[in-house]
Amino acid sequence: MAKPLPVYPVASASGATITLADGRELTDGMASWWCAIHGYNVPELNAAISAQTSKMSHVMFGGFTHEPAVELGKRLVSITPEGLNKVFLADSGSVSVEVAMKMAVQYQHARGERGRGKLLTFRGGYHGDTTGPMSVCDPETGMHGLFNGFLPVHHFAGRPPGGFNVPLDKEYLKELAATFRLHAHECAAFICEPVVQGAGGMHFYNPGYLRAVKDLCKEYGLLLIFDEIATGFGRTGMMFAAEHAGFTPDIMCLGKALTGGYMTLAATLCTDEVAEVISQGEARVLMHGPTFMANPLACAVAVASIDLLLKSPWQERITQLSKNLSLHLRAAAQMDAVKEVRVLGGIGVVETHQAVDVAKIQAFFVKRGVWIRPFGTRIYLMPPYILSESETRKLCSAILEWVA
Ligand SMILES: *Cc1c(COP(=O)(O)O)cnc(C)c1O
């Protein structure tokens with residue numbers, strides 16, 4: 001590109017520290033786009049990959065199955081909300097969202113419901129960068145304008161009002177119901193990120209809105225898809241954000257932290273009912289089969305990552321991380337440049353009034369020995385769960401220094 005932003009060569013990473021090629025060490029506030037939940041160079045995960053490499057790195061997943069995929073499937077079924085018993089493995093988060101959308105459309109088709117080729121979603125969401133997911137990202141901050149005419153057109157409900165603990169807004173609930181009334185008959189499913197809209201703005205909302213969506217989906221015959229690619233595996237304080245809402249969606253997407261940040265892998269889970277209806281349809285199978293489906297290396301490291309997470313005091317770690325983020329970011333709320341400070345689980349956000357200059361702020365943070373990569377008006381932390389209190393303080397101090 002003509003004028004790329006500067007990049008920093010990395011030599012290695014270990015624990016919560018990233019070492020640059022010139023020897024400088026950075027405390028990691030990003031978990032590499034939220035996936036390296038155990039930190040880097042994790043002995044258990046290294047061992048799982050090595051062991052699997054010496055057996056086989058890959059075989060096709062058509063006509064074959066293998067232990068890493070079976071073990072991963074079992075673990076995912078056992079840790080996800082009750083009733084999600086079927087697992088489809090794909091290569092990346094975006095692909096798992098494509099698969100979820102196709103499941104929903106095939107499900108409706110198999111039930112003889114024609115003309116339900118659209119999706120319904122909240123504004124302000126982010127679901128990935130391939131065509132299907134892009135088309136349900138926020139219509140303003142997403143890439144709809146640029147790819148107008150190329151992207152399928154779906155329906156949007158307003159973004160749920162902010163605040164995890166803020167009581168439900170009755171007016172908003174009426175608008176939501178009105179959107180369903182208007183568009184639901186054309187839709188196969190409602191898709192959303194439960195409780196936390198991530199890349200669409202680090203926006204937290206009351207899980208009560210999800211219960212309202214669930215009731216509306218039931219009333220109008222839509223499936224409900226939870227995209228837990230960012231929220232899954234403990235980030236919000238629960239193993240899955242769906243647990244805040246207290247019910248099981250029909251379909252759930254997982255990715256990012258699934259392999260502890262080692263390799264690209266994602267999963268789309270669904271209920272027995274969804275799988276059975278699709279099986280009775282004219283296609284009889286889900287029409288998707290990625291070349292690297294259920295890659296054994298990725299599955300083996302995902303199994304090791306889940307085992308490591310379950311063995312660790314992850315809930316206490318998130319509670320502690322949450323307390324530390326609240327404590328050390330609190331002072332930012334008083335500052336003129338800051339609109340709001342919010343913390344939920346292992347996510348801390350300082351929202352500024354004005355969009356930050358990424359190149360400038362990045363250089364500032366690197367000088368202070370931290371790795372934080374904001375977007376727009378959101379300066380946020382989503383660090384590895386193993387972060388110590390002093391490392392958390394260091395990250396927060398750097399942010400305070402910038403916004404002061
Ligand atoms: C990151 C993300 C995706 C896309 O995942 P990729 O692995 O980058 O394709 C989808 N949905 C949500 C909520 C995400 O945070």
Side-chain angles (χ1 to χ4, degrees), residues 30-37 80 88-104 119 121-139 141-143 151 154 156 159-160 189-205 207 210 213 224-236 238-242 244-245 249 251-269 288 290-295 298-299 301-302 305 344-347 349 373-376 378 380-383:
M30 297 284 98
S32 284
W33 276 330
W34 330 339
C35 59
I37 55 173
T80 51
F88 186 95
L89 295 168
D91 344 32
S92 74
S94 300
V95 175
S96 77
V97 173
E98 301 271 6
V99 168
M101 291 170 148
K102 287 170 73 172
M103 273 182 187
L119 277 287
T121 184
F122 289 137
R123 285 177 180 269
Y126 176 82
H127 297 284
D129 286 352
T130 60
T131 310
M134 229 191 336
S135 67
V136 285
C137 289
D138 184 78
T141 59
M143 292 173 269
L151 288 185
H154 297 296
F156 292 86
R159 160 178 263 177
F190 189 99
I191 181 168
C192 64
E193 297 152 276
V195 181
V196 177
Q197 291 186 317
M202 295 294 159
H203 179 79
F204 308 153
Y205 63 90
L210 297 168
V213 166
L224 178 52
I225 305 170
F226 278 179
D227 176 350
E228 292 239 18
I229 293 168
T231 50
F233 302 102
R235 181 58 73 178
T236 67
M238 294 291 195
M239 185 57 93
F240 298 97
H244 293 293
I251 301 175
M252 179 188 267
C253 299
L254 298 174
K256 290 202 163 93
L258 174 59
T259 63
Y262 264 56
M263 296 186 69
T264 178
L265 182 72
T268 311
L269 285 87
H288 206 94
T291 307
F292 286 98
M293 175 161 54
N295 172 258
C299 290
V301 75
S305 174
L344 180 70
I347 313 171
V349 186
R373 191 170 172 85
F375 62 90
R378 272 57 161 201
Y380 72 94
L381 297 172
M382 243 162 123

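Ligands are counted one by one from 1 in listed order, and the atoms in each one are counted from 1 as well.
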Please report the shortest heavy-atom distance between Leu89 and Cys299, naming the atom on each side. CD1-SG, 3.9 Å

Going by heavy atoms in the side chains, are His127 and Ile229 under 4.5 Å from each other? no

All pairs passing side chain to side chain donor-acceptor pair (under 3.5 Å) where residues 128-137 contributes a residue, at least two apart: Glu98-Thr130, Tyr126-Asp129, Ser135-His154

Checking Gln197 side chain against Arg123 main chain: does a donor-acceptor pair fall under 3.5 Å? yes

With hydrogens left out, which residues have an atom under 4.0 Å from ligand 1, given that only heavy atoms count? Trp34, Ser92, Gly93, Ser94, Tyr126, His127, Gly128, Glu193, Asp227, Ile229, Ala230, Lys256

Who pairs with Ser305 by side-chain contact (heavy atoms from CB on, under 4.5 Å), at least two apart in sequence or on another chain? His38, Leu45

Residue list, side-chain contact (heavy atoms from CB on, under 4.5 Å) with Phe292, at least two apart or on another chain: His58, Asp91, Asn295

